[in-house]
Amino acid sequence: MFLRVVLSVFLILTLFPLNGFAKKKSKDVFRFPVDIKESPVQGNPKAPVTIVEVSDFQCPFCGMVQPTLKQIQERYPNEVKLSFKHFPLSMHPDAELAHSASLCAAGQDKFWEMRSILFENQRALKRDDLIRYANQLGLEAESFTKCLDEGKYLSKIEEDREEILQYGIQGTPAFYVNGRLLSGAQPYGAFEEIIEDELKRFKS
Amino acid sequence: MNFILFLMRIVLGGVFVYSGWGKLMSPVENFKAVVESYQFFSALLVKPISYVVPWLELVFGAFVLVGYLTRQSTVLLALFLLSFIVLLSRSLLMHLPISECGCFGSGIVLAPWQALVLDSGLFLIAFILLKRKSNLFSLDRRLHR
C-alpha cells in the first residue's frame with residue numbers, strides 16, 4: 001500500500017516538468033507589457049534588450065541572483081539595460097520599509113546605489129540600518145528619514161505590486177527580458193539564451 | 001509519554017509541511033539554484049530533484065502530521081534528514097559559498113550550520129518516533145493500522 005502511494009505520487013510529479021522542456025523561439029513567445037515609464041533604468045537607454053527585475057529586498061533568492069545580473073551588465077554593457085519593479089512579499093516583515101528606503105534614495109538620485117547596499121545587507125533592514133545606509137551614501141539625512149517615516153512612496157510600491165500581480169507572479173525573483181518571463185534565481189545561461197535570441201531578432 | 005510523542009510527530013510533520021509549502025510557493029528555479037549550489041548532483045538530476053523533493057516533503061510531512069502511514073512516512077522523512085545532514089556537513093567542510101540553506105523557500109532564512117542543527121534535532125525526533133510507537137490522535141489508529 002505504501003509503495004503504491006509513493007509510486008502514485010512519483011508518477012503525478014513526473015507530469016509537472018514536461019511543460020518546461022520545449023524550447024521557445026522569440027517569435028513564438030508571449031511578451032508581458034511591463035511598463036517601465038515610472039521605473040528606474042540603469043545602462044544604455046538605447047539598449048535593445050530590457051531586463052525588468054521584479055524583486056524583494058529581503059528575499060534570499062533575489063540576493064542570490066545579483067552576481068548574475070552584474071555579470072550580464074558587464075558582458076552586455078550596450079545591449080542590455082536594467083529596470084526594477086518593487087514586489088515586497090508579505091512574509092518578509094522588513095521588506096516594505098527597505099523598498100521605501102530605496103525609493104527615498106531614488107528621490108535623491110541614489111536608487112541603484114541603495115539597491116546594491118540593501119542586497120548586500122539583507123539580514124539588516126531595520127529602520128536604523130536603512131538610515132545608516134543613507135548616511136553612507138551621503139543622502140540628506142532629514143529628508144530621507146522624513147520620507148521613510150511618512151511612507152511617501154508606499155503607493156508606488158503598491159502600484160508596482162498590483163501591476164506584477166496581474167501578470168500572475170506571486171513569488172520572487174522574476175525577470176521580464178523584453179517582456180519574456182524568466183522566473184526564479186535563474187543561472188547566467190538562461191539569461192544569455194534569451195538575450196542572444198532577442199539580439200538576433202533586433203538585428204534581423 | 002504518549003502525548004510527548006504526539007507533539008514530536010506534530011513538530012516533525014509540521015516542519016516538513018512548512019518546508020515543502022515554502023518551496024512550492026516560490027519559483028521552482030529558486031530551489032533548483034539551491035540544489036546546484038551544493039555542487040553535489042549532476043546536471044541531469046538537479047531538475048527532477050528540484051521538482052520532486054518539495055512535493056514529497058509536503059505530502060509525507062502531511063502524512064506524519066495527521067498520523068497516516070506514520071511509520072513508513074517517518075522513515076522517508078528520516079532518510080531525507082540524513083541526506084540533508086550529509087549535504088550540509090559536506091558544504092561546511094568544503095567551505096562552499098552557501099549563505100542560505102534554501103530549506104524553507106523564501107520564508108525562514110537559515111545559514112547552513114543553523115540548518116544542520118535543526119535537521120540533526122529533527123532526525124533525533126524521527127529516530128525516537130520510530131523506536132517508540134505511538135498512535136495518539138492519529139489516522140492510523142482510526143483506520144486500525
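Proteins come first, then strands; the chains are lettered A, B, ... in the order of their sequence lines, and each starts at number 1.
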Point to revise | Among A/Pro60, A/Pro187, A/Ala174, residue most engaged with chain B (heavy-atom pairs, under 4.5 Å) | key: A/Pro60

Point to revise | B/Asn30, B/Val34, B/Ile98 screened by side chain to side chain contact (heavy atoms under 4.5 Å, CB included) with A/Met64, the one that passes | key: B/Val34

Check your understanding: Is the count of non-hydrogen atoms from other residues, nucleotides or ligands lying under 6.0 Å from A/Lys156 atom NZ greater than 12?
Key -> yes

Practice item. Mark yes when over 12 heavy atoms from residues, nucleotides or ligands other than A/Tyr167 sit less than 6.0 Å from its OH; otherwise mark no. Key: yes

Exercise for review: Would you indicate whether B/Arg90, at its atom CZ, is surrounded by more than 12 heavy atoms from other residues, nucleotides or ligands within a distance under 6.0 Å?
Suggested key: yes

Check your understanding: Could you state the interatomic distance from NZ (B/Lys32) to CD (A/Gln186), rounded to the nearest 0.5 Å?
Key -> 6.5 Å

Review point. Would you say B/Trp21 has more than 12 foreign heavy atoms packed within less than 6.0 Å of its CH2?
Key: no

Practice item. Identify which of B/Gly102, B/Pro27, B/Ser50 forms the greatest number of heavy-atom pairs closer than 4.5 Å to chain A. Key: B/Pro27

Check your understanding: Is it the case that more than 12 heavy atoms not belonging to A/Glu38 sit under 6.0 Å from its CD atom?
Key -> no

Point to revise | Nearest atoms (heavy-atom pairs only) where A/Arg123 meets B/Val109 | key: NH2-CG1, 3.3 Å

